[in-house]
Amino acid sequence: TSPRPDLVVVGSGFFGLTVAERVATQLGKRVLVIDRRDHIGGNAYSAPEPETGIEVHVYGAHLFHTSNERVWQYVNQFTEFTNYQHKVYSIYQGQTYSLPMNLATICQYFGKSFSPAEARALVAEQAGEFDTAEAANLEEKAISLIGRPLYEAFIRGYTKKQWQTEPTDLPAAVIARLPVRYTFDNRYFNDTYEGLPKDGYTAWLQRMADHPNIEVRLDTDYFDVRDELPSDVPTVFTGPIDKYFGYEAGELGWRTLDFETEVLPIEDFQGTSVMNYADEEVPYTRIHEFRHFHPERDYPKDKTVVVREYSRFAQTGDEPYYPINTPEDRAKLERYRELAAKEAAEKRVLFGGRLGTYKYLDMHMAIGSALSMFDNRIRPFFDDGGALDGRLDD
Ligand code: FAD
Ligand code: UDP
């Protein structure tokens with residue numbers, strides 16, 4: 001049997017692996033990482049599609065981008081990045097437009113060349129119907145930002161498919177910053193750094209775990225083995241917080257995605273990595289064509305992999321992907337946060353990551369948040385042997 005760990009980490013996603021890597025390399029402590037899946041890496045995991053060798057992001061397309069200098073320095077220890085810059089297009093009523101909404105989208109949609117000032121004036125006129133500050137729901141907010149015609153074309157149908165909820169019943173916050181650019185810039189992200197891991201996400205994730213002080217146990221559900229673990233060993237839990245507490249305050253709501261993968265006998269299906277489908281009648285929200293994430297690679301010329309993405313409410317047993325965050329969810333989360341603080345004080349369990357905090361975190365945010373947990377709570381705990389500070393970040 002393996003030696004007693006100094007720390008147990010539940011979940012081998014970016015949050016769990018960042019904590020494990022820091023504790024192993026900076027403190028020289030032994031870490032046991034447990035994951036219920038049969039692979040490392042959480043939702044960022046990717047694998048070559050067997051027939052083509054094309055790298056597929058198994059839990060949905062993952063684009064790395066950050067403006068956080070520390071996170072960028074940190075991740076570059078484990079992987080090089082390509083110079084991939086994400087761009088997204090949208091098909092609406094048989095025409096292909098560029099996203100996020102920019103001058104090209106506006107000119108094409110209205111069938112006319114506009115200067116930036118003319119486009120601004122046009123959108124302002126069409127957006128006058130609602131005041132952004134007073135918008136009561138997603139529809140009003142979107143119209144107040146981009147006007148009704150562009151809203152109806154690019155947002156309404158897509159949003160209905162993504163949320164299975166009328167946009168008038170969705171909180172305005174879902175679309176807090178709907179960018180409209182009055183230039184032809186159509187880069188999807190505004191961050192300082194962007195790229196894809198040169199030899200794939202899984203190689204990057206494995207390098208984080210590759211240390212003699214780190215033991216990874218896959219195919220192992222924490223709830224099945226917790227009784228066999230030393231009861232006083234500190235634990236970082238990155239699984240679902242409501243499940244940890246036996247759904248004591250009720251189940252938190254999530255959306256899940258279904259992916260339909262197809263290998264086609266052609267070199268190129270859509271000419272780009274992500275195509276959104278704005279029409280409500282098309283059942284999927286978008287199609288990913290994975291070869292386009294790595295144009296630098298030597299992929300087959302006679303085959304391509306496309307993945308259609310469908311969105312729906314998660315039922316028990318589905319993978320939780322996006323927190324829904326209704327007012328009821330917020331109330332339940334408040335209760336779980338109190339329980340989490342108590343669990344830290346009494347049982348040395350800290351909660352982190354997307355599922356552990358019920359927060360949508362991009363990869364750079366999960367990594368940044370794990371680095372902060374290491375600095376502010378885990379290192380002091382091991383240095384001084386004090387209590388664990390279990391408050392969840394806001
Ligand atoms: P996860 O990666 O979910 O890892 C949690 C791990 O805990 C899982 O491996 C799970 O199996 C394990 N676990 C849960 N319960 C138990 C248990 N009881 N016992 C043992 N193990 C358990 N971020 C970006 O920056 N760019 C993107 O383009 C992007 N796209 C995304 C697309 C989708 C569809 C989704 C869902 C997320 C996307 N993200 C993206 C976010 C990214 O996936 C997260 O930031 C990252 O996965 C967070 O890591 P984590 O460690 O918190 O959680
Ligand atoms: N959205 C939309 N049309 C699009 C893309 C996005 O209406 O073509 C809206 C939709 O409501 C979605 C939100 O913007 O839920 C956020 O979209 P994003 O693509 O950023 O979400 P993610 O990639 O996380 O699913």
Side-chain angles (χ1 to χ4, degrees), residues 8-19 33-45 57-66 71 86 88-92 97 99-101 105 138-139 141-142 146 150-163 165 167 170 174-179 188-189 191 194 196 201 205 217-226 236-241 243-244 254-257 259 274-278 285-286 288 293 309 311 319-323 351-357 359-370:
V8 170
V9 170
V10 182
S12 65
F14 269 117
F15 193 97
L17 287 183
T18 301
V19 167
V33 179
I34 295 174
D35 206 296
R36 60 205 285 267
R37 292 180 177 164
D38 63 2
H39 61 74
I40 197 173
N43 282 359
Y45 171 76
H57 306 165
V58 177
Y59 301 91
H62 276 63
L63 293 312
F64 189 81
H65 54 96
T66 187
V71 167
H86 196 43
V88 178
Y89 296 83
S90 178
I91 293 183
Y92 170 66
Y97 297 88
L99 288 184
M101 269 170 255
T105 326
L138 187 148
E139 176 161 304
K141 174 107 176 197
I146 59 170
L150 293 171
Y151 161 75
E152 287 184 351
F154 299 109
I155 307 294
R156 188 174 58 190
Y158 190 95
T159 298
K160 276 172 120 169
K161 290 193 285 187
Q162 178 118 331
W163 294 90
T165 304
L170 284 167
V174 168
I175 209 128
R177 332 161 261 120
L178 179 69
Y188 208 68
F189 301 116
D191 280 313
E194 179 178 355
L196 289 172
Y201 278 99
L205 291 152
R217 218 176 277 168
L218 299 175
D219 293 306
T220 306
D221 193 309
Y222 173 68
F223 299 112
D224 296 338
V225 300
R226 69 199 290 189
V236 172
F237 182 82
T238 75
I241 190 167
K243 181 160 186 207
Y244 183 94
W254 292 87
R255 281 189 310 113
T256 193
L257 300 174
F259 299 107
V274 179
M275 185 66 77
N276 287 0
Y277 283 78
T285 49
R286 49 191 176 185
H288 306 273
F293 286 121
E309 182 175 313
S311 175
E319 287 293 345
Y321 280 149
Y322 298 100
F351 295 80
R354 202 172 49 89
L355 304 164
T357 57
K359 258 194 236 164
Y360 183 84
L361 300 174
D362 274 327
M363 292 178 279
H364 67 280
M365 296 158 82
I367 294 164
S369 152

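Counting convention: from 1, in listed order, for ligands and their atoms alike. Any value given below was found using the heavy atoms of this structure, including those in side chains, with hydrogens, waters and symmetry copies removed.
The residue from Y321, Y360, Y188, Y158 that puts a heavy atom closest to atom 18 (P) of ligand 2 is Y188. Ranked by closest heavy atom to atom 35 (C) of ligand 1, the top entry among H65, H62, R354 is H62. Of the candidates A370, G356, G11, G239, the one placing a heavy atom closest to atom 6 (C) of ligand 1 is G11. When the heavy atoms of D224, T238, N43 are ranked by distance to atom 1 (P) of ligand 1, first place goes to N43.
Between H39 and Y201, the ring center distance fails the sub-6.0 Å criterion.
At distances below 3.5 Å, at least one donor-acceptor pair connects side-chain atoms of S12 with backbone N or O atoms of G41.
Ligand 1 has no atom lying under 4.0 Å from any heavy atom of Y45. At least one heavy atom of R286 lies less than 4.0 angstrom from ligand 2. Not a single heavy atom of Y151 lies less than 4.0 angstrom from ligand 2.
Of all the heavy atoms of T220, the ones lying under 4.0 Å from any atom of ligand 1 belong exclusively to the backbone. The side chain of Y322, and not its backbone, has at least one atom closer than 4.0 Å to an atom of ligand 1 (non-hydrogen atoms only; side chain from C-beta on). Contacts with ligand 1 closer than 4.0 Å are made by side-chain heavy atoms of P240 only, the backbone lying farther away.
Taking distance alone, with nitrogen or oxygen atoms compared against 3.5 Å, Y59 stays at or beyond that limit from ligand 1. Looking at ligand 2, you won't find any N or O of S90 less than 3.5 Å from one of its N or O atoms.
Checked against side-chain contact (heavy atoms from CB on, under 4.5 Å), Y360 has the following partners two or more places apart in sequence or in another chain: Y322, P323, D362.
For atom 3 (N) of ligand 2, the closest heavy atom belonging to the protein is F154 O, 3.0 Å.
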